[in-house]
2 protein chains.
Amino acid sequence: MRKPTIQDVARHAGVGVGTVSRVLNNHVAVKGATRESVLKAIADLEYTPNPHARRIAGGRSYTISVLLPVLTTEFYVRLLDGLETAFQEARYDVAIFPLLDRSRLERYLGSHTLAYQADGLVMATYNLTQMFHERRLRTQQPTVLVDAFADNVDSSFMDNVAGGRMAGEYAAQFSGDLYAVWVETELDQLFTTRVFEDRRSGFMSALDTAGRTIRAEYTSSFDSLAARNTAATVLNQAQEAGLPCTVFASADMLAGALLDEVRLRGLKIGQDVRVIGFDDQPWAAERGLTTLHQPVESMGYEAAQLLLSRLNGYKGPARARRFEPRLIIRGSA
Amino acid sequence: MRKPTIQDVARHAGVGVGTVSRVLNNHVAVKGATRESVLKAIADLEYTPNPHARRIAGGRSYTISVLLPVLTTEFYVRLLDGLETAFQEARYDVAIFPLLDRSRLERYLGSHTLAYQADGLVMATYNLTQMFHERRLRTQQPTVLVDAFADNVDSSFMDNVAGGRMAGEYAAQFSGDLYAVWVETELDQLFTTRVFEDRRSGFMSALDTAGRTIRAEYTSSFDSLAARNTAATVLNQAQEAGLPCTVFASADMLAGALLDEVRLRGLKIGQDVRVIGFDDQPWAAERGLTTLHQPVESMGYEAAQLLLSRLNGYKGPARARRFEPRLIIRGSA
DNA sequence: GACACGCTTGGAACCCGTTCCAAAAAAGGC
DNA sequence: GCCTTTTTTGGAACGGGTTCCAAGCGTGTC
């Protein structure tokens, strides 16, 4: 038996093909009752639209390119989840390009072909280069930034300053010394994220407002060995200077290392040493880590919506969507 | 400037659209001169056909599913190379499914969706299960086996018996003891390959014909540690029983381990110990290994052709294409 | 030279969606 | 209740290929 077509659905529902198309694409101008009958016909016939026909009739590829640094981290997995959810709803395909280093990004941006094929572009965590601007002007390809910001481009990002501030306000209420650990990212300058600078400035301003000062700050890279060393250094200093103390670890990774080290030294978490993390990694709940949860999926979902609105003809000025982390208080602080 | 269409090409070449389509699809019924002018027009306009339009007009997906156990080995990489070359020529896309274990294969075979999308199926190294037969009858999906054989299905495979025989005939001419090492594959029964049984039976029959007997046989698994151990065992025995000797290693992997071990013991390769491999791995030339080269790419290419002919309407009985390895004599034997 | 047959070729019909325009229906205004 | 405006709807045109039929051409035969 032949696959049903949009014609079959239209006939079955007693409406025109245009109406069926409108329902499929969520165009608003369809009355509730009509929409229902179309949806019923679709279900009855087990109709699935032919994506190729759609692409040729629509004159687009219905494909979005997503550029990101890596896809092996929790953060980007969640981000993609949000992006893909939104694009799937709009029946767009997603092509993912993990562009670990500068040369790959430039190769990508330089290639006409890919620009030609995707209807839109999502760039995650990228610093906008001159090259990118030129290309955007040249190709007119609708673009959205996610986890990044620039003037004149739609963007969706996390307010890390606010997140840092929340951590700072919460930390300020505890007596004892305050410490903080920041992360030095190893990404190329191209991919610079201001994430940790932002968290720091929010944190510091909160302490300032509360009239508190920080005892010491540390920096670690992202690998687990470095995190372990840093944790040891912090605790050495803290034990020497006197407990209790409160440590803001600007990434859960670091917070985890601190929890390990605290336990190792027979100290009491949340008492001798309070730890505040950032990220709310999957394991944070079971380890009782007080941390900042980021609505990463929402940020991705919203980025996709911004792009889709452009694809549907929105011509207005660039929009920026800001998302705030949420402090999740568990046992560690 | 708009992308040129088949209409533009037809106009530019002064022919009808049908003719252009015929040239694009390599239909024979186009005169040389006409074909040339069409090709020139295509080049002039930098025309590239729109694959979506093709899929909708042609009523097919122009996509082939390739099922194979893994794609990390030399063998499957070369196989895919041959398959993809042929499919690209015919402008088909290839979707690759590495189905490492039984559950994934069954999940794949059970799913209607994928069956629905691909125009044809290439199965590499799979034993045909009952499930597969039922599915084939149900979906009528054109299928070809590669590196495997079954009645009533098109297939393209290596004649490992012949390969073993060549090794045997060559080995038989040398004086001294004869040894052989076989491989025990760890693949699920579903993916059974008779490769090593076949090589063995060919090898043995050749010795038989030549009136020679084998001194001892060994079996190893495919990992390098096991290969090293096996090599040591073989050489212990050989040194005890007396050199020179000749060893047929039914996979280059094993032959490589033997070469290492021979050198380690200060023996002369090709003199004290002769080694014959099988596979002609990329490193075999520089290490001077006498081995059997398999035309794996050709086997894949031919498999694709068999499938394409079905897709183009061939209705005849199942065909089987047999490929013979070629003995490459280098220094080791 | 006329006729038949097979090989090439042109082009209309078709594949299955989206879009746009005009028409129909509904809502609003008096 | 009638007219205007707005919302909703039907369906033709279109997008870029493939396929099939009929027509054109060339060659071979007598």
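In this entry the distance linking CD1 of A:Ile56 with P of C:dC14 reads 17 Å, nearest Å. Rounded to a whole Å, the OH atom of A:Tyr92 is 17 Å from the P atom of C:dG17. Note: CZ (A:Arg55) to P (C:dG17) measures 13 Å, nearest angstrom. Protein atom CG of B:Asp119 is 14 Å distant from nucleotide atom C1' of C:dC15, rounded to whole Å. With rounding to whole Å, B:Lys31 atom NZ is found 18 Å from C:dG6 atom P. Distance, B:Lys3 NZ to D:dG16 C1': 11 Å, rounded to whole Å. Atom CD of B:Glu36 and atom P of C:dT9 are 12 Å apart (whole Å). Regarding B:Leu24, its CG atom lies at a distance of 8 Å from the P atom of D:dG17, rounded to whole Å.
In this model, the phosphate group of D:dG16 is not approached by any side-chain N or O of B:Thr5 to a distance below 4.0 Å at OP1 or OP2. OP1 or OP2 of C:dG17 sits under 4.0 Å from a side-chain N or O of A:Tyr47. Residue B:Arg91 has a polar side-chain atom (N or O) positioned under 4.0 Å from OP1 or OP2 of D:dT18. Between B:Asn50 and D:dG15 there is no side-chain N or O to OP1 or OP2 distance below 4.0 Å.
The nearest pair of heavy atoms linking A:Leu311 to A:Pro142 is CD2-CG, 3.8 Å.
B:Val20 comes within contact range of no nucleotide atom at all, as no heavy-atom separation falls under 4.0 Å. Here B:Gly14 lies in heavy-atom contact (under 4.0 Å) with sugar-phosphate atoms only. Using a 4.0 Å heavy-atom distance criterion, B:Gly18 is classed as a base contact.
Closest to the B:Ala57 side chain, of the nucleotides D:dG16, D:dT19, C:dT18, is D:dG16. Considering only the side chain of A:Val15, D:dG10 comes nearest among D:dG17, D:dG10, C:dA26.
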Check your understanding: Between A:Asn26 and A:Arg35, is a side chain to side chain contact (heavy atoms under 4.5 Å, CB included) present by the stated rule, with each step listed?
Key -> CA-CA 10 Å; A:Asn26 291 315; A:Arg35 151 178 255 98; 3.6 Å; yes
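Residue-to-nucleotide proximity on DNA chain C shows that, of B:Arg22 and B:Ala53, the 5′-proximal contact is made by B:Arg22. Remark on DNA chain C: of its neighbouring residues A:Pro49 and B:Val30, the 5'-side contact belongs to B:Val30, judged by nearest-heavy-atom nucleotide. Mapped onto DNA chain D by nearest heavy atom, B:Thr19 and B:His52 fall at different nucleotides, with B:His52 at the one closer to the 5' end.
Salt-bridge formation is detected for the pair A:Glu324/A:Arg322: a Lys NZ or Arg NE/NH1/NH2 atom is positioned less than 4.0 Å from an Asp or Glu carboxylate oxygen.
In this structure, the side chains of B:Phe157 and B:Arg321 stay at 4.5 Å or more apart for every pair of heavy atoms. Side-chain atoms of B:Val9 and B:His12, non-hydrogen and from C-beta on, never get closer than 4.5 Å to each other.
One cannot find a donor-acceptor pair under 3.5 Å joining the base of C:dG17 and the side-chain atoms of A:Arg60.
Within 6.0 Å of the CZ atom in A:Arg91, the count of heavy atoms belonging to other residues, nucleotides or ligands exceeds 12.
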